[in-house]
Each structure stands twice: as structure tokens, then as C-alpha cells.
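As a basis for the values below, the full set of heavy atoms in this structure was taken, side chains included, without hydrogen atoms, waters or symmetry mates.
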Amino acid sequence: MPDLRADTAPGRRAERFAVLDPATGETVDEAPDQHPDELDAVVGRAHRAWHGWRSDAAARTTALHAAADAVEAAADELARLLTREQGKPLAESYAETARTAARLRYFAGLAPRSRQITDGRPVHSEIRWRPLGPVAAIVPWNFPLQLAAAKFAPALAAGNTVVLKPSPFTPLATSLLGSVLAGVLPEDVLTVVTGREPLGARLVSHPGIRHVTFTGSVPTGRAVAQGAAASLARVTLELGGNDAAVLLDDADVDALADRLFWAAFRNCGQVCMAVKRVYAPARIHSRVVEALAERAKSVAVGPGLDPDTRLGPVNNAPQLARVEQVTRRALADGARAAAGGHRLEGPGHFFAPTVLTDVPPGSPVVTEEQFGPVLPVLPYRDLDEAVEAANSTGYGLGGSVWGTDLDRAEAVADRLECGTAWINHHAELSLAQPFAGIKDSGVGVAGGPWGLYGNLRPFVVHRPREDGR
């Protein structure tokens with residue numbers, strides 16, 4: 001593990017905060033609680049490093065490939081530390097580490113393309129692309145490494161420098177990642193800062209930051225946008241989701257049950273684009289509930305370092321309280337828990353995988369993002385009503401349609417109000433595709449070439465044609 005003691009201003013005592021293991025409640029380690037006043041120096045160094053980093057595209061490509069190699073070499077240490085502070089099964093931490101390296105390698109292979117403009121005038125016009133400057137990246141606790149790379153890989157590939165702030169619930173693996181990458185990237189090109197509020201608020205409103213990229217809740221996203229507006233910095237916001245899965249009347253319940261269960265419960269349901277509501281035709285509703293409940297009752301729940309664990313704990317106490325609150329409210333309103341419905345006894349932030357039926361459509365577990373191992377399954381009699389219900393919330397991140405007639409399923413998917421729609425699967429993304437939400441689920445685009453261009457601005461050069469025509 002790296003030395004997590006951050007530099008502090010002269011005469012200031014280095015304050016620290018404990019990072020807890022969500023499986024045990026014990027302290028994993030401490031991280032620096034950096035003071036917001038330190039950001040002036042951090043952003044200043046990032047700005048100075050930007051001048052050299054932006055000027056050599058070939059060197060950036062080489063450095064990003066080396067960064068991917070370095071992440072892969074440190075995979076064991078990164079994955080174990082990630083599981084200890086985040087809680088997810090170790091196999092999923094290894095997958096997240098691999099995805100981090102893959103994203104660096106993918107963006108190392110992308111470069112913006114200039115474009116000629118032909119409009120009949122006797123002028124040679126060309127669109128070129130320039131980086132923005134220092135970028136602030138604010139990352140949540142559910143996928144700390146993967147989402148960090150989703151932000152800094154395209155930003156660095158575009159020629160920007162990055163100041164990265166992880167969640168105070170999961171700063172350790174991100175700090176280790178920063179130390180790993182410091183060995184292959186130029187100094188101050190990527191800086192990790194850790195701390196509690198108001199560090200993040202000060203970072204996004206810092207006048208030296210030219211782009212703020214944030215993943216998190218809708219209320220915090222609004223606050224981030226307001227903070228960035230002070231310096232008119234560009235914002236990319238990937239916010240909450242309340243993804244609906246609509247099952248059609250020809251759906252094969254036995255064939256889809258495993259995929260649907262894991263689309264909802266992977267990472268203990270702590271996935272922005274997880275299935276968070278299921279709409280099933282009334283005639284197969286009970287079979288869907290039974291199939292999902294059977295899997296919820298039998299899945300192995302426990303500490304992520306246990307090789308038999310398939311679902312770990314909820315990451316932190318506030319989120320556990322939130323999950324418990326919306327579940328209790330649903331049960332009090334008349335819902336029934338076909339599986340789970342309660343916290344598990346013992347240490348740690350464990351909540352039983354929960355499948356709810358007979359849920360009132362207006363219950364918060366349906367209308368809001370629960371972000372935990374709780375899934376309401378609602379019946380419908382008319383497909384138009386199901387689509388209307390799927391589209392009825394303020395969210396618009398993802399959605400899915402499940403059925404055997406793929407043409408019909410695609411026609412229904414085309415009616416969903418979301419950024420990405422899947423057919424017979426959910427929450428699977430390619431590095432090469434755009435990822436964006438609509439409505440309250442976000443602003444801007446991540447992923448693929450769109451993620452690269454989101455970190456660039458156009459620059460147009462005009463010159464007379466030599467032939468004068």
C-alpha cells in the first residue's frame with residue numbers, strides 16, 4: 001500500500017480519516033483529509049504540467065499504454081484493497097481492475113481527426129482539436145477504479161491533465177492507483193486528492209478547472225453544475241438511474257431469470273444502470289417473482305474476500321439506512337417480501353437480497369433509485385401502460401425489454417425514454433459505445449470517441465487558397 005500522507009501547507013497538521021471495511025466495520029486504513037486551501041497548489045501544478053503533456057500526442061499514447069501495463073502488474077494489490085474498502089467480491093474487483101487497464105489501452109489508441117471545410121469560398125478551412133486544460137474528476141464509491149479510468153483515460157488521451165477526487169468511503173484503492181500511475185506518467189499529469197467536504201465543492205468551483213466530470217446522485221450533480229458554473233467550466237454529469245426491465249408476454253422466464261437477477265443484483269445492486277424495477281405481464285408475474293426470489297434466497301452473501309461470496313455488503317452506513325428505509329416503507333404500504341426484506345445479523349453492512357411483490361406503484365422503492373439489493377416486480381395487463389410506467393420517473397439512464405420475438409422487443413425498446421436500451425440483457429457496455437442519460441440522469445456523453453471529444457474543443461484555422469479559387 002502506498003504512503004497516503006499528503007503534502008500539507010506549511011504549519012498545518014496533516015489530518016486523516018478512517019476508511020472502514022463494510023464487511024466488518026473495522027478500519028482498513030486512514031486517508032489524508034486534505035484541506036480545500038491545498039487545491040490552489042494542486043491545480044496550479046496540473047496547469048503547468050498541461051503545457052508539456054498536450055504538446056506531444058505520440059508521447060501520450062506511449063505513456064497511456066505503459067499506464068495500462070502498470071495497472072495490470074499491480075492487479076493483485078489493487079483488487080484486494082478495493083474489496084476491503086468497497087466490499088464487492090474479489091473476482092469482481094479483479095474484473096474492475098482489468099477494465100481500468102482496458103480503458104487506458106482503448107483511449108491510448110484514439111486520436112481526434114481534423115476536418116476540411118469546403119463551402120465554395122477561396123479559403124482553406126480546417127477544424128482541429130485542442131484540449132481544455134485541467135479536468136476535475138469526481139468519482140463515487142460503487143466502482144472507484146473503473147469510473148475513475150472512465151474519466152481520466154479520455155481526458156489524458158485528449159491532452160488534458162486531471163485532478164481526481166474519489167469518494168471518502170473508497171479513497172484507498174484510488175490512491176494506490178494514483179501511485180501506480182505516477183511511475184509511468186509525467187509528474188502532476190494525474191493527481192489524486194482525498195478528503196471530506198468541502199474539498200469536492202471547492203474543486204469543482206476552482207477557477208483553474210476547465211472541465212468537471214462527475215458521477216453520483218442527482219442532487220449532488222445539480223450542486224456540482226452550480227459550482228462549475230462559477231468559472232463557466234464544462235460539465236459532464238453521469239447521475240442516477242432507475243432502470244426498468246419490461247418483460248413481454250412471450251418471455252421465457254426460465255431462460256432469462258439468471259440474467260435478469262444479476263442485472264439487478266450485481267455489486268449488491270449498487271450500479272447506476274442496474275435493473276431497479278421489473279414490469280411483468282400479469283399471467284407470468286408470479287413465475288417471475290418466484291424465479292427471482294429463489295435466486296435471492298440461495299445466493300451466497302458475505303465478505304468479498306471469501307471465495308464463495310457472490311454478493312457483498314452495502315458499501316456504507318448511510319446507504320444501508322437508505323435501503324432499509326425504502327424497503328420498510330414498501331412493506332408498510334402493503335408490499336410483500338418474496339425474499340429478504342431485512343438487514344442480516346452480525347457485523348458489517350449486509351442486507352438480505354430482496355424481491356418485493358404487491359408493491360404500490362407510487363412507493364419510493366419504485367419511483368426513486370434505491371441503489372441496493374432490493375427489486376420490486378410489478379404486474380401489468382396492458383403493454384402501453386407498462387411502457388408508460390417505465391417512462392414515468394425523472395430518470396432516463398437505461399432500460400431493457402425481454403422477449404423471444406426480437407423485432408417486437410426492439411420496437412418496444414425504441415419507446416423507452418433512456419440513453420441506452422438493451423434486449424434480453426442489461427447493463428452491458430462496450431468501451432467503444434457512447435454512454436449518456438436523459439432527463440435527470442445526466443448531461444454530456446462518456447465512452448468511445450464521444451468521450452474523447454467531450455474533453456476537446458474545436459479550433460478552426462482559415463488561410464487563403466494559393467490558387468485564389
Exercise for the section: Please find out if less than 6.0 Å separates the ring center of W450 from that of F107. Expected result: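 Here the rings of F107 and W450 have centres that are no less than 6.0 Å from each other.
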
Exercise for the section: Please work out which of the three classes, parallel, tilted or perpendicular, describes the rings of F261 and F265, given edges at 30° and 60°. Expected result: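 Parallel.
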
Problem - Evaluation steps, salt bridge (Lys or Arg N to Asp or Glu O under 4.0 Å), between R322 and E368 - result: CA-CA 11 Å; R322 162 70 178 166; E368 301 174 11; 2.8 Å; yes

Spacing of [atom1] belonging to [X] relative to [atom2] belonging to [Y], to within rounding of 0.5 Å:
X: R328; Y: D333; atom1: CZ; atom2: CG; value: 14.0 Å
X: D21; Y: Q86; atom1: CG; atom2: CD; value: 10.5 Å
X: R295; Y: L260; atom1: CZ; atom2: CG; value: 9.5 Å
X: W141; Y: T174; atom1: CH2; atom2: OG1; value: 14.0 Å
X: L78; Y: T83; atom1: CG; atom2: OG1; value: 11.0 Å
X: F371; Y: C272; atom1: CZ; atom2: SG; value: 6.5 Å

Problem - Chi angles and distances behind the side chain to side chain donor-acceptor pair (under 3.5 Å) call for H211, N160 - result: CA-CA 9 Å; H211 179 199; N160 303 294; 5.9 Å; no

Exercise for the section: Test side chain to side chain donor-acceptor pair (under 3.5 Å) on Y395 and D243 and set out the steps. Expected result: CA-CA 8 Å; Y395 298 94; D243 290 13; over 6 Å; no

Heavy-atom check, side chain of [X] versus side chain of [Y], under 4.5 Å:
X: P376; Y: Q370; value: yes
X: R234; Y: R457; value: yes
X: V139; Y: T215; value: no
X: N242; Y: R277; value: yes
X: S167; Y: P140; value: no
X: R105; Y: D69; value: yes

Practice task
Determine, step by step, whether D33 and R196 satisfy the salt bridge (Lys or Arg N to Asp or Glu O under 4.0 Å) criterion, reporting the C-alpha distance in whole Å, the side-chain angles of both residues, the deciding distance to 0.1 Å, and the verdict.
Solution key: CA-CA 6 Å; D33 197 5; R196 296 169 291 190; 2.7 Å; yes

Is [X] close enough and on-axis enough to [Y], meaning under 6.0 Å and within 45°, for cation-pi?
X: R266; Y: W262; answer: no
X: R128; Y: F459; answer: no
X: K151; Y: F214; answer: no

Exercise for the section: Evaluate the criterion salt bridge (Lys or Arg N to Asp or Glu O under 4.0 Å) for residue pair E96 and K88; output intermediate values, then yes/no. Expected result: CA-CA 10 Å; E96 181 168 343; K88 64 184 61 181; 2.5 Å; yes

Exercise for the section: Output yes when D29 and R84 qualify as a salt bridge under the 4.0 Å nitrogen-oxygen rule, no when they do not. Expected result: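 Salt bridge: no.
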
Exercise for the section: Taking only Lys NZ, Arg NE, NH1 and NH2, and the carboxylate oxygens of Asp or Glu, determine whether R329 and E324 approach each other closer than 4.0 Å. Expected result: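 Looking at E324 together with R329, the answer is no, because their closest N to O distance does not fall below 4.0 Å.
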
Practice task
Work out which heavy atom in P434 is nearest to a heavy atom in V445; give both atom names and the distance.
Solution key: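 It is CB-CG1, 3.7 Å.
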
Problem - Modelled atom types, side-chain donor and acceptor of E428 and H425, under 3.5 Å - result: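 Yes, because at least one side-chain N or O of E428 sits under 3.5 Å from a partner of the opposite role on H425.
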
Practice task
Could you tell me whether the side chains of T100 and T97 share a donor-acceptor contact shorter than 3.5 Å?
Solution key: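 Side-chain D/A pair, T100 to T97: absent.
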
Exercise for the section: Taking atom CZ of R54 as the centre, report whether more than 12 heavy atoms of other residues, nucleotides or ligands fall under 6.0 Å from it. Expected result: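 Atom CZ in R54 is crowded, with more than 12 foreign heavy atoms closer than 6.0 Å.
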
Practice task
Give a yes or no on this: more than 12 heavy atoms of other residues, nucleotides or ligands lie within 6.0 Å of atom CD of E126.
Solution key: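 Atom CD in E126 is packed in, count exceeds 12.
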
Exercise for the section: Would you sort out whether E85 and R80 count as a salt bridge (Lys or Arg N to Asp or Glu O under 4.0 Å), showing the intermediate values? Expected result: CA-CA 9 Å; E85 68 173 346; R80 291 188 70 83; over 6 Å; no

Exercise for the section: Dump the intermediate steps for side chain to side chain donor-acceptor pair (under 3.5 Å) on T367 and T393, then the final yes or no. Expected result: CA-CA 6 Å; T367 61; T393 75; over 6 Å; no

Handout entry: side chain to side chain donor-acceptor pair (under 3.5 Å) between H206 and D40, intermediate numbers included
Key = CA-CA 8 Å; H206 196 283; D40 287 343; 2.8 Å; yes

